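Working notes, beginning with the structure itself.
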Amino acid sequence: MIESIEMLEQRAQACTRCLDDKKAGNDGKRHIVLCGGTGCLSNHSKEIKDRFEQLLAEKGVTYKATVNQVGCFGFCSQGPFVKIYPEDTLYRLVTIEDVEEIVDIIGGKVVERLLYEDPVTGQKITKQDDITFYKKQHRIALHGCGVIDPEDISEALGMGAFQGLKRALSMSRQEVIDEVLAAGIRGRGGAGFPTGRKWQFAHDVESDEKFVVCNGDEGDPGAFMDRSILEGNPLAVIEGMMIAGYAIGASDGYFYVRAEYPIAVNRLKIAIRQAESEGLLGDNILGTGFSFRCHLRLGAGAFVCGEETALLNSIEGKRGMPRPRPPFPAVKGLWGKPTIINNVETLACVPYILREGQEAFSSVGTERSKGTKVFALGGKVNNVGLVEVPMGTTLRELIYDIGGGIPGGKKFKAIQTGGPSGGCLTEEFLDEPIDFDNLVAKGSMMGSGGAIVMDEDNCMVDVAKFYMEFICDESCGKCSPCRIGTKRILEILTRITDGTGTMEDLDELEVLGQTIKKNSLCALGQTAANPVNSTLAHFRDEYLAHIVDKKCPSHVCKNLMEYYIDPDKCIGCGLCAKGCPADCIKRTEYIAEGHKLASFEIDPTKCVKCGSCIGACRMNAITKR
């Protein structure tokens, strides 16, 4: 049990030495760590770990090496990862079959073929920090992720866990809030409201009971920032919640995490249990008189429950629907008591601010957007993964320097930031700095941190339709502007992608978008039209092509395209016809010069546009038009 600040300091120093010794090899062992994030676990990281343990036992060298799993390394497109200390050798795309080779030469040579190869120089890189993907990152929220075992509180203590809380408990509540205000941190959940101001509101309200809520209901398509933080270092988020609780005078905190995150939920439960057993959660923490307890509630996957008042209803056992505001949760929240709601990433940054001081945080970023931001970088980009960059980093740096550019030499078309609530930014904005206000000014928003890259093969009308389908499915239905208006927008977009749209539809889209924005109860409806508005602004020519020319320039919308066999390229092998489920490919009488067999042709009236013929053709004779 850690019963005082002095005991915490002693324990932390011992844990730090232990962690440093492991990395430096001072204990005479090799330490094998594997990525234990959801992505790598789905790609057999757990089985790879088991194979390491099995082989080490069979060879009788378990006393010379340990095997452990840590959180997400971030570079998801290159996982599963295996890192070996003290050499600090990083292997990527590891399979179960590779394990024996690694074990046989561990501590000696390296397995060259498993090292990351720089796509520009062709150089094999052995260390993680030397890979371009990581060089421009600055880890604050992701502190400890990919380094410590998230199920071992000792390793978290060795990385500075509870040092921020220790300092906070030596300050007055107002001094803690002032420190957060001076740091300039804004909420990472989407709106970017100053965190310190939210805390101040709750602090100033007199109440016999107050609460802190961690919003872990991450629902944006393609977003996995909060999940990775909870999987990689859950104690950082717990500590941030405790600091917030101390600052406003709360003694209870609630984690609201979607049930689709079983690994994050399990590790959070373990972290809470370990902190309680160490005396770092509960009554009279560190002998200071401060008491705090954490509770866990699972969300059922409703996107609207990411909205703070709908989330509060869900915790209370009610249907997840937003409440009218004011009163705001900081004044009247959970069970009618003052409540502050911060998302996972925000709370993960708080211990750093208290541990290192507000100057360390505010010195990073831009004038109005301090610190760093975590993005889930996905879509048409080479280096898919989780990145944390200083505010002010440009979109070009994010996509090309860290993301490695667009696969296959394709042309960049747009990046969707902010998920369904955001908008598309085009090539003209690539050199714009990323911060809260700048993205909004350019027609998008930061959101929680999803960043989906699109190339020339993406149809922007179809993209807008995809996000509107999502919004329609996730609307709670409480207010008619959102419930009915989003459905009408989807109907119009469907008509356009089906080839039956009219020019009047474009005017109606703009009117509906403004109506929904002005009259919806919560941010889900208020931002629902953003993807439509941004694609209309930047890609109006694509809408016109669908309506006027009845063509989809990107050959995505099925009703506006047809498959065509070039008779001069077709060698008449018939592979396309054999795999056709609609029996719409027939042989013709035409034999191209130099060929022995007659070519085939597609009957467009029967074709279902499944694409099986393109996959079967070895001569690239089949195209979309």
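Bear in mind that the values here come from a model prediction, so they are computed numbers and not experimental data.
- No more than 12 heavy-atom neighbours from other residues, nucleotides or ligands sit within 6.0 angstrom of NZ on Lys269.
- A side-chain donor-acceptor contact under 3.5 Å links Thr346 and Asn343.
- Applying the salt bridge (charged side-chain N to carboxylate O under 4.0 Å, His left out) test to Lys59 and every residue at least two apart in sequence or in another chain returns Asp104.
- Using modelled atom types and a 3.5 Å distance limit, the side chains of Glu58 and Gln54 yield a donor-acceptor pair.
- Taking the charged nitrogens against the carboxylate oxygens, Glu97 and Arg51 have no contact shorter than 4.0 Å, which rules out a salt bridge.
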Step-by-step side chain to side chain donor-acceptor pair (under 3.5 Å) determination, Ser363 to Lys370: CA-CA 7 Å; Ser363 64; Lys370 303 296 185 182; over 6 Å; no
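- For Asp455 (side chain) and Lys410 (main-chain N/O), no donor-acceptor pair under 3.5 Å exists by modelled atom type.
- Salt bridge status for Lys380 with Glu456: absent, with no side-chain N to carboxylate O gap under 4.0 Å.
- Checked by atom type and distance alone, the side chain of Thr417 pairs as donor or acceptor with a backbone atom of Met445 at under 3.5 Å.
- Residues passing the ring pair (Phe, Tyr, Trp, His ring centres under 6.0 Å) test with Phe75, sequence neighbours excluded: Tyr116, Phe133.
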Stepwise side chain to side chain contact (heavy atoms under 4.5 Å, CB included) test for Gln128 and Phe73: CA-CA 9 Å; Gln128 178 176 332; Phe73 278 70; 3.5 Å; yes
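- For the pair Arg267 and Glu151, the salt-bridge criterion is met [side-chain N within less than 4.0 Å of a carboxylate O].
- A donor and an acceptor atom, one from each side chain of Ser45 and Gln69, are located under 3.5 Å apart.
- Using a cut-off of 4.0 Å between Lys/Arg side-chain N and Asp/Glu carboxylate O, Lys23 and Asp88 are scored as not salt-bridged.
- Shown here are the ring pair (Phe, Tyr, Trp, His ring centres under 6.0 Å) partners of Phe52, two or more places apart in sequence or in another chain: there are none.
- One finds no salt bridge joining Lys22 and Asp27 here, because no Lys/Arg side-chain nitrogen approaches an Asp/Glu carboxylate oxygen to under 4.0 Å.
- Of all heavy-atom pairs spanning Glu101 and Val111, the tightest one is OE2-CG1, 3.6 Å.
- Remark: the backbone N or O of Gln123 is not paired with any side-chain donor or acceptor of Glu117 at under 3.5 angstrom.
- Using bins of under 30°, 30° to 60° and over 60° for the plane-to-plane angle, the ring pair His538/Phe429 lands in the perpendicular bin.
- When the shell of 6.0 Å around NZ of Lys127 is examined, it contains more than 12 heavy atoms from other residues, nucleotides or ligands.
- A distance-only check finds a donor-acceptor pair linking the side chain of Ser42 to the backbone of Gly39 [under 3.5 Å].
- Listed for the Ser369 side chain is no donor-acceptor partner under 3.5 Å among the backbone atoms of Met391.
- At least one side-chain heavy atom of Leu142 sits less than 4.5 Å from a side-chain heavy atom of Val374.
- Using a 3.5 Å distance cut-off with no hydrogens or angles, the side chains of Asn26 and Asp21 do pair a donor with an acceptor.
- Side-chain contact annotation: Arg30 with Thr66, donor-acceptor N/O pair under 3.5 Å absent.
- Looking only at side-chain heavy atoms (C-beta outward), Glu155 and Asn68 come within less than 4.5 Å of each other.
- No salt bridge links Arg139 with Glu388; every basic N to acidic carboxylate O contact stays at or beyond 4.0 Å.
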Enumerate, atom names and distances included, each donor-acceptor pair closer than 3.5 Å involving a side-chain atom of residues 392-400, sequence neighbours excluded.
{"unit_1": "Thr393", "atom_1": "OG1", "unit_2": "Pro390", "atom_2": "O", "d": "2.7"}
{"unit_1": "Thr394", "atom_1": "OG1", "unit_2": "Glu397", "atom_2": "N", "d": "3.1"}
{"unit_1": "Thr394", "atom_1": "OG1", "unit_2": "Glu397", "atom_2": "OE1", "d": "3.2"}
{"unit_1": "Arg396", "atom_1": "NE", "unit_2": "Asp431", "atom_2": "OD1", "d": "2.7"}
{"unit_1": "Arg396", "atom_1": "NH2", "unit_2": "Asp431", "atom_2": "OD2", "d": "3.2"}
{"unit_1": "Glu397", "atom_1": "OE1", "unit_2": "Thr394", "atom_2": "N", "d": "3.0"}
{"unit_1": "Glu397", "atom_1": "OE2", "unit_2": "Lys136", "atom_2": "NZ", "d": "3.2"}

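- The side-chain hydrogen bond (donor to acceptor under 3.5 Å, both in side chains) test applied to Asn438 returns Glu432, Lys442, not counting sequence neighbours.
- Taking 4.0 Å as the cut-off between side-chain N and carboxylate O, Lys49 and Glu53 count as a salt-bridged pair.
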Pair Ile452-Tyr467, side chain to side chain contact (heavy atoms under 4.5 Å, CB included): steps then yes or no: CA-CA 12 Å; Ile452 308 298; Tyr467 282 113; 4.0 Å; yes
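- The residue from Ile131, Leu115, Thr126 that alone fulfils the side-chain contact (heavy atoms from CB on, under 4.5 Å) condition with Leu90 is Ile131.
- The closest donor-acceptor contact from the side chain of Asn458 to the backbone of Met460 lies at 3.5 Å or more, if one exists at all.
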From CA spacing to verdict: salt bridge (Lys or Arg N to Asp or Glu O under 4.0 Å), Arg113, Asp98: CA-CA 10 Å; Arg113 62 184 178 80; Asp98 296 323; 2.8 Å; yes
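- Under the salt bridge (charged side-chain N to carboxylate O under 4.0 Å, His left out) criterion, Glu345 pairs with Lys373, not counting sequence neighbours.
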